[in-house]
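For reference, the structure discussed in these notes is given below.
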Amino acid sequence: MKLKYDFVIQEVAGSFIAVAIGAGSENFKGMIRLNNTAKHIFESIQQGKNQQEIVQSMLENFDVTEQQAQKATEDFLSQLQKSGLLVE
């Protein structure tokens, strides 16, 4: 699993924003607002982690149960897939 485009994440006014860079910026002209959890998942995808590795990382970095980490990861990955930003 990986992102369709290269993104850079910036903190703007206390929020995290992901913006496509390079050739991807011509095709994806929007921005993605990320909370702390979504930022962590997004960065994990950029690092090449699979879904189970992301869940494990969430457990290590946030005060959540395994069920909460699994649901947050599944929900965010689903949103990325529906937006056409996630490729297998």
Side-chain angles (χ1 to χ4, degrees):
M1 142 179 74
K2 68 179 201 168
L3 295 167
K4 186 173 184 178
Y5 308 113
D6 290 327
F7 286 87
V8 63
I9 298 173
Q10 296 290 320
E11 185 173 359
V12 178
S15 296
F16 296 104
I17 305 290
V19 180
I21 58 174
S25 66
E26 295 178 22
N27 297 314
F28 183 78
K29 301 196 184 303
M31 294 181 278
I32 303 169
R33 188 181 318 193
L34 306 168
N35 63 21
N36 287 335
T37 304
K39 177 183 178 276
H40 185 82
I41 296 169
F42 203 86
E43 290 175 333
S44 295
I45 296 167
Q46 289 177 315
Q47 295 167 4
K49 292 182 180 177
N50 65 33
Q51 186 170 339
Q52 188 54 43
E53 291 169 326
I54 294 171
V55 170
Q56 185 60 41
S57 180
M58 295 275 289
L59 292 171
E60 294 168 1
N61 289 283
F62 295 94
D63 185 22
V64 295
T65 66
E66 185 170 355
Q67 183 179 10
Q68 291 169 323
Q70 185 70 39
K71 180 165 178 17
T73 301
E74 287 175 0
D75 289 349
F76 189 67
L77 293 178
S78 176
Q79 288 178 355
L80 290 176
Q81 285 177 325
K82 288 177 185 175
S83 299
L85 297 176
L86 195 63
V87 294
E88 296 301 317

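Values in this document were obtained by computation on a predicted structure and should not be read as measured data. These values consider heavy atoms only, across backbone and side chains, with no hydrogens, waters or symmetry-generated copies.
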### Message
For a quick check under 3.5 Å, do Q52 and Q56 share a side-chain donor-acceptor pair by atom type?
### Response
no
Inter-residue atom distance [X].[atom1] - [Y].[atom2], 0.5 Å rounding:
X   : Y   : atom1 : atom2 : result
K82 : L77 : NZ    : CG    : 12.0 Å
I41 : M58 : CD1   : CE    : 4.5 Å
E53 : T73 : CD    : OG1   : 12.0 Å
Q10 : S15 : CD    : OG    : 13.0 Å
I54 : F76 : CD1   : CZ    : 9.5 Å
L86 : K4  : CG    : NZ    : 11.0 Å

### Query
Does F42 have any ring pair (Phe, Tyr, Trp, His ring centres under 6.0 Å) partners at least two apart in sequence or in another chain, and if so, which?
F7
Report all side-chain donor-acceptor pairs from residues 25-33 shorter than 3.5 Å, counting only partners two or more places apart or in another chain.
residue : atom : partner : partner atom : Å
S25     : OG   : G22     : O            : 2.6
K29     : NZ   : E26     : O            : 2.8

### Task
Would you name the heavy atoms of Y5 and G24 that are closest together and state the gap between them?
CD2-CA, 3.4 Å
## Note on the structure
Note: I9 and L34 closest approach over all heavy atoms is CD1-CD1, 4.0 Å
More than 12 heavy atoms of other residues, nucleotides or ligands under 6.0 Å from [atom1] of [X]: is that the case?
X   : atom1 : value
Q67 : CD    : no
D75 : CG    : yes
Q81 : CD    : yes

### Flag side-chain contact, heavy atom, 4.5 Å: L3 against V87
no
### Message
Is there a side-chain contact between M1 and K49 in this structure, where contact means two heavy atoms from C-beta onward sitting under 4.5 Å apart?
### Response
no
### Query
Do V8 and L80 share a hydrophobic cluster, counting only Ile, Leu, Val, Met, Phe, Trp and Tyr and linking them when any side-chain heavy atoms are less than 4.5 Å apart?
no
### Message
Looking at K71, is its backbone amide N or carbonyl O close enough to the side chain of E74 to form a donor-acceptor pair, meaning the two atoms are under 3.5 Å apart?
### Response
no
